[in-house]
Amino acid sequence: MRVVIVGAGQAGAALAAKLRTLGHAGEIVMLGDEPAPPYQRPPLSKAYLLGEMEEDRLWLRAPEFWAENGVELRLGQAVTAIDPTAKTVTVGGEALAYDHLALTTGSTPRRLPAAIGGSLDGVYTVRTLADVDAMRAEFQPGRRVIIVGGGYIGLEAAAVAAKLGLDVTVLEMAPRILQRVASPETSDYVRSLHQSQGVKLLESTGLDRLVGDDRVEAAALKDGRMLPADFVIVGVGITPNTHLADTAGLALDNGIATDEQGRTSDPAIWSAGDCASFPWKGGRIRLESVGNAIDQAEAVAANILGAGEAYQAKPWFWSDQFGLKLQIAGLNTGYDRIVTRKGEGDAASFWYYRGADLLAVDAMNDSRAYMVGKRLIEMGKSPAPEVIETAPDLKALLKA
């Protein structure tokens with residue numbers, strides 16, 4: 001049985017490795033459109049951009065791992081079509097047959113339209129190794145960088161730039177940074193941190209256009225201000241890569257729609273990672289995280305081999321900014337109350353409740369709160385909010 005994996009990122013690599021761990025003896029072919037072997041993306045906007053991590057430390061596995069485990073790795077080759085009837089994918093002009101196909105195609109950063117300067121030289125996104133390699137030389141002390149978007153990617157890039165001595169301005173169209181993903185309490189904590197490090201945060205501030213002939217020179221704001229810029233980083237979200245699935249006739253719903261086992265609308269085609277949506281508590285979600293990419297891909301590997309088990313997502317996320325380690329467990333969608341727990345020093349945690357139900361926790365330099373919160377959520381336990389605020393030992397709540 002030949003399994004073909006389209007996408008050589010975190011999910012694709014996890015799926016291939018898990019197939020071998022589970023005893024699959026047939027062919028595995030992994031196709032990646034980037035020239036680099038499978039690598040981890042989170043350090044790109046942190047340690048790698050700072051120059052604290054070399055490229056080979058990004059690699060998920062040593063290059064020889066793939067050959068030693070019988071995984072045919074084809075890099076720098078984009079798949080251009082899928083034929084579900086013939087059960088083939090077209091890559092480099094070749095029709096490659098599959099018995100099972102896994103789409104781990106990931107996502108693409110949203111870019112600013114060319115009409116407002118998005119295609120000018122000096123305008124970057126942060127997603128791939130090539131993206132970061134292209135912008136690294138820009139990070140010189142005293143230069144002016146404007147970051148469009150006050151989400152996690154934008155703020156991580158802002159932290160790196162400030163550490164390296166640049167003049168940093170973040171533009172956020174919403175009333176507060178992180179508005180789409182976090183509570184006002186988390187936004188306040190992160191805002192204070194960035195401002196203490198000299199980052200200028202302009203919230204409720206819309207970008208009208210980027211200005212320049214061939215290269216960006218300034219940002220024109222909706223309120224009429226003109227901010228000079230030596231370069232610009234755009235961090236306004238990502239879009240799941242669904243083109244191949246769409247042209248192959250697969251069902252889409254906030255990404256490539258899969259059932260609870262990771263199977264698409266074609267029984268021989270599976271999907272996992274940023275590009276895939278799946279059933280969740282009576283609805284459907286798509287998670288953009290390393291943890292989900294690995295766990296979902298490993299579940300798909302088992303189901304390709306006949307396990308027949310539903311994927312049980314356990315959402316978790318993290319972000320590193322300056323000295324802050326922000327760890328997030330659960331999903332805060334629909335929360336109606338925030339409970340704040342102070343930790344030691346500058347540590348704090350914000351607990352999201354809907355009614356009496358604990359949904360999620362944001363832990364700021366508080367790994368204990370994160371670990372306990374994650375376990376409580378996974379166990380389906382919801383301590384009373386006042387207990388969270390006052391309990392002398394959070395770990396005791398796991399036994400309550």
Just to verify, which of [options] counts as forming a side chain to side chain contact (heavy atoms under 4.5 Å, CB included) with [X]?
X    : options          : result
I388 : P383, S349, S382 : P383
T105 : T242, I256, D274 : I256
Y352 : D357, T186, I377 : T186

Can we say [X] and [Y] salt-bridge, meaning some charged N sits less than 4.0 Å from an Asp/Glu carboxylate O?
X    : Y    : value
R286 : E288 : yes
K342 : E389 : no
R41  : E34  : yes
R176 : E172 : no
D393 : R368 : yes
R354 : D336 : no

Heavy-atom distance under 4.5 Å between the side chains of [X] and [Y], does that happen here?
X    : Y    : value
W316 : K374 : yes
I238 : T108 : no
V71  : V29  : no

Is R20 close enough and on-axis enough to F65, meaning under 6.0 Å and within 45°, for cation-pi?
no

Between [X] and [Y], a side-chain donor and acceptor under 3.5 Å:
X    : Y    : answer
N332 : Y353 : no
E55  : Y39  : no
S107 : R127 : yes

Next item on the list: Establish whether I233 and L202 are linked, either directly or via other cluster members, by ILVMFWY side-chain heavy-atom contacts under 4.5 Å.
Entry: no

Here the pair of heavy atoms bringing N365 nearest to A347 is O-CB, 3.2 Å

Discussion item. Tell me if the centroids of the rings in Y152 and F317 come within less than 6.0 Å of each other.
Written reply: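 Ring-ring flag for Y152/F317: false, centres at least 6.0 Å apart.
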
Residues at least two apart in sequence or cross-chain that pass salt bridge (Lys or Arg N to Asp or Glu O under 4.0 Å) with D223, listed by chain then number, are R225

